[in-house]
Amino acid sequence: MRAREPLPRVSVSPAGQWDRVQRHSQAGRVEEPNPRENCRGGSRGGGRTRGPRTSFPKILCGTPSPRAPREGRDSVSQSAPRVPPGQGLSFPERPAPPGAYRTWTLWPVRYAGWQASPSQFPAGDGGAMDSPEVTFTLAYLVFAVCFVFTPTEFHSAGLTVQNLLSGWLGSEDAAFVPYHLRRTAATLLCHSLLPLGYYVGMCFAASEKQLYYPSQTPETWRAFLLLALMLPAIACTLIYYWSRDHWARHPLARTLALYALPRSGWQAVASSVNTEFRRIDKFATGVPGARVIVTDTWVMKVTTYRVHVAQQQDVRLTVTEAQQHELSPDSHLPVQLLTIRVASANPAVPAFHIRLNSTEYGELCEKLRAPIRSAANVVIHQSLGDLFLETFASLVEVNPAYSVPSSQDLEACIGCMQTRASYCRPMWCLTCMGKWFASRQDPQRPDTWLASRVPCPTCRARFCVLDVCTVR
C-alpha cells in the first residue's frame, strides 16, 4: 500500500473559505422536481389533484417567502449561511494600539485582527487588572495587613512574628519580661521590612520596569525605594539604642525601673513580674494584639509594639465607655464591651486603656484590689449566667428549708471548698449548685432554663429548681 502524500498547507482568508463553501454546495446540488411546475401542469386554471378533486396546497403553488438570514455560526460548515461569492464576512476593526501586531481570526471580536500586550491594551477592557504588577500589589497588600493586624487564620497557620522567631524569643511563661523585650524589637524590625519586600517583589512582577536598576527607574519608584530603605535603618538604630546596658533603655524596662527600690534595679521588678505571671490564678483575656493580664500585684496590657505595666496599689480604674453589640462572633449572642482607663498615681507612668467583655467584668473585679469607678452615663450589663444565679437564689429562698439532724456534720462545699455545704446530702453551696444548673442548659434557649430538669452532680438524679432547699 502506498503511503498517502501529505497535502500542502495553504493560508486562506475568511472570504476565500466562504467562497469555497459556496462553490462546493452549488457543484454538488441535484435538481429536484419543482412543486410549483407540477402545480401549473395540466390545465392553466386548475391545479394538480392528489386524489379525487383534491387540489395541491396553495403554499406550494405560491411564491416562496424569503427566509430571514441566520446569524453567523462559530464554524465553517455546510450549514453555515451562504454569502455571495467574493464578499465573505466583514469584521469590525479599530486602529491598532501601539506595539500591536497583525493576526488573522475568524471570530468577530471587538478588536479583530489585532493582538497586544495587556499593558498596551486600551483602558476599560480588563487588561490593566490582569497585569502581574496589579495582582502582586493586591496580594501583597492583603498579606501585609494580615501580618500586622494578625487574624485568627494567620495565628492558626503560624504566620506571626512570635511563631517564626520562637527559637530566638524563648518562652513567655518562663521569662515574661525578657520575652517581650525581644518580641517588641523583632516585631518592629519585621514590620519595617514590609515596604522593602514589596519593592523586591515588584522587581520580578514588573520586570519590564527594570526596578533592579535604581538609576533607570522613575522618580516615584526611586523615592519609594529610599523610604523602604530608611524604615529598616531607623528600626535597627532604635533597637540598638534599646538593647544598650542589657535592655535598660527599653520602654518596658524604664517603666519597671519606676517601681524599683532605691538600691535595686529594674531586673528585680522584672523577676517579680515573671514569677506572678507563671501562676495559674492570673486573669488573662483579650485578642493577641491587645491582651489584658492582671496578677496579684500588676495590671498589664500587651500590644503589638509595647507592654503597659501599672501596679495595683496605686492605680485608679474608671469605666469610660460601654459598647453594645447585637451579635458576638463567638457565642452568637448580644455582647457588651467595656473600656476601662488605668491611671497610675505616679505621673511618670503613662495611663492606658483596656477593653474586655462585660461577662468578664466580675472576674476582673475579684482579681483587683482597687475599686473600679464607672462614669455617669455607663451602664454595665450583667452576664446571662450572673442574672440566672440571682434568679436561682431568689427562687431557692422561697422553697421550704431542710433541717439537718444534730448528729450530722456539715462539710465544706466540694465545688468551691470555701462555703459550708447545704444541698444534696449537704455537699454543695448555693452558688456552685446554681452554676451547675446553668452549665447543663442550652445557651441558645435561656427562656427554658428555670423550667428544665438537670441531673444532680452527686447522685445523678434529675431535679428542678423547686427541689433545691436550703439547710437550717
Side-chain angles (χ1 to χ4, degrees), residues 279-286 292-296 319 322 324-325 327-338 340 354-369 371-372 374 379-404 408-472:
R279 298 175 182 172
I280 61 175
D281 61 341
K282 63 179 178 294
F283 173 80
T285 185
V292 178
I293 302 172
V294 180
T295 63
D296 296 335
V319 181
Q324 186 71 24
H325 299 274
L327 188 63
S328 172
D330 300 330
S331 60
H332 302 286
L333 294 174
V335 62
Q336 185 186 38
L337 298 179
L338 304 178
I340 303 176
I354 60 177
R355 287 173 59 88
L356 72 157
N357 198 323
S358 61
T359 59
E360 302 170 334
Y361 180 76
E363 186 178 355
L364 175 65
C365 293
E366 294 177 1
K367 195 63 180 177
L368 291 172
R369 298 179 181 178
I372 302 179
S374 299
V379 178
I380 301 176
H381 297 165
Q382 287 183 309
S383 64
L384 191 61
D386 295 338
L387 293 176
F388 177 77
L389 289 179
E390 289 187 1
T391 307
F392 183 84
S394 62
L395 293 177
V396 170
E397 292 296 334
V398 179
N399 296 338
Y402 172 77
S403 299
V404 181
Q408 182 178 358
D409 295 333
L410 296 179
E411 301 176 356
C413 171
I414 63 175
C416 61
M417 301 301 296
Q418 296 179 359
T419 309
R420 190 184 66 175
S422 56
Y423 298 95
C424 184
R425 186 182 169 267
M427 301 176 64
W428 299 88
C429 65
L430 178 61
T431 302
C432 292
M433 183 60 69
K435 290 182 178 179
W436 167 262
F437 198 95
S439 65
R440 311 296 294 181
Q441 308 300 324
D442 184 5
Q444 307 297 332
R445 297 290 306 277
D447 55 323
T448 62
W449 286 16
L450 293 175
S452 62
R453 301 174 64 90
V454 301
C456 174
T458 304
C459 62
R460 299 302 175 182
R462 302 184 68 84
F463 70 97
C464 65
V465 178
L466 300 178
D467 299 329
V468 182
C469 301
T470 57
V471 174
R472 302 296 182 186

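Atom set for the values below is all heavy atoms of this structure, side chains included, hydrogens, waters and symmetry mates excluded.
- For the pair L338/N357, no side-chain contact is recorded, criterion being any heavy-atom separation below 4.5 Å from C-beta on.
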request  = Go through C469 and V396 one step at a time and tell me if the side-chain contact (heavy atoms from CB on, under 4.5 Å) criterion holds.
outcome  = CA-CA 6 Å; C469 301; V396 170; over 6 Å; no
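- In this structure, W449 and D442 approach most closely via the heavy-atom pair NE1-O, 2.9 Å.
- Side chain of R453 to backbone of R462: a donor-acceptor contact under 3.5 angstrom is found.
- Counting heavy atoms from C-beta outward, S358 and L337 have side chains that stay 4.5 Å or more apart.
- Applying the 6.0 Å contact sphere to NZ of K282 captures more than 12 heavy atoms from other residues, nucleotides or ligands.
- In terms of the side chain to side chain donor-acceptor pair (under 3.5 Å) criterion, S439 has no residue partners (sequence neighbours excluded).
- Qualifying side chain to side chain donor-acceptor pair (under 3.5 Å) partners for S452, counting only residues two or more places apart in sequence or in other chains: Q441.
- Side-chain contact between D467 and N399 is absent, with no heavy-atom pair separated by less than 4.5 Å.
- Taking 4.5 Å as the limit, some side-chain heavy atom of F392 sits within range of a side-chain heavy atom of L430.
- The side chain to side chain donor-acceptor pair (under 3.5 Å) check on E360 picks up T285, with sequence neighbours excluded.
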inquiry  = Test side-chain contact (heavy atoms from CB on, under 4.5 Å) on I340 and L364; report intermediate values, then the result.
reply    = CA-CA 11 Å; I340 303 176; L364 175 65; 3.8 Å; yes
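- The CG atom of L356 lies 9.0 Å from the OH atom of Y361; values are rounded to the nearest 0.5 Å.
- By the ring pair (Phe, Tyr, Trp, His ring centres under 6.0 Å) test, W436 is found to be paired with no residue, residues two or more places apart in sequence or in another chain being considered.
- Under the side chain to side chain donor-acceptor pair (under 3.5 Å) criterion, D296 pairs with R279, K367, sequence neighbours left out.
- Applying the ring-ring contact (aromatic ring centres under 6.0 Å, His included) test to pairs two or more places apart or on separate chains, those with a residue in residues 452-472 are F437-F463.
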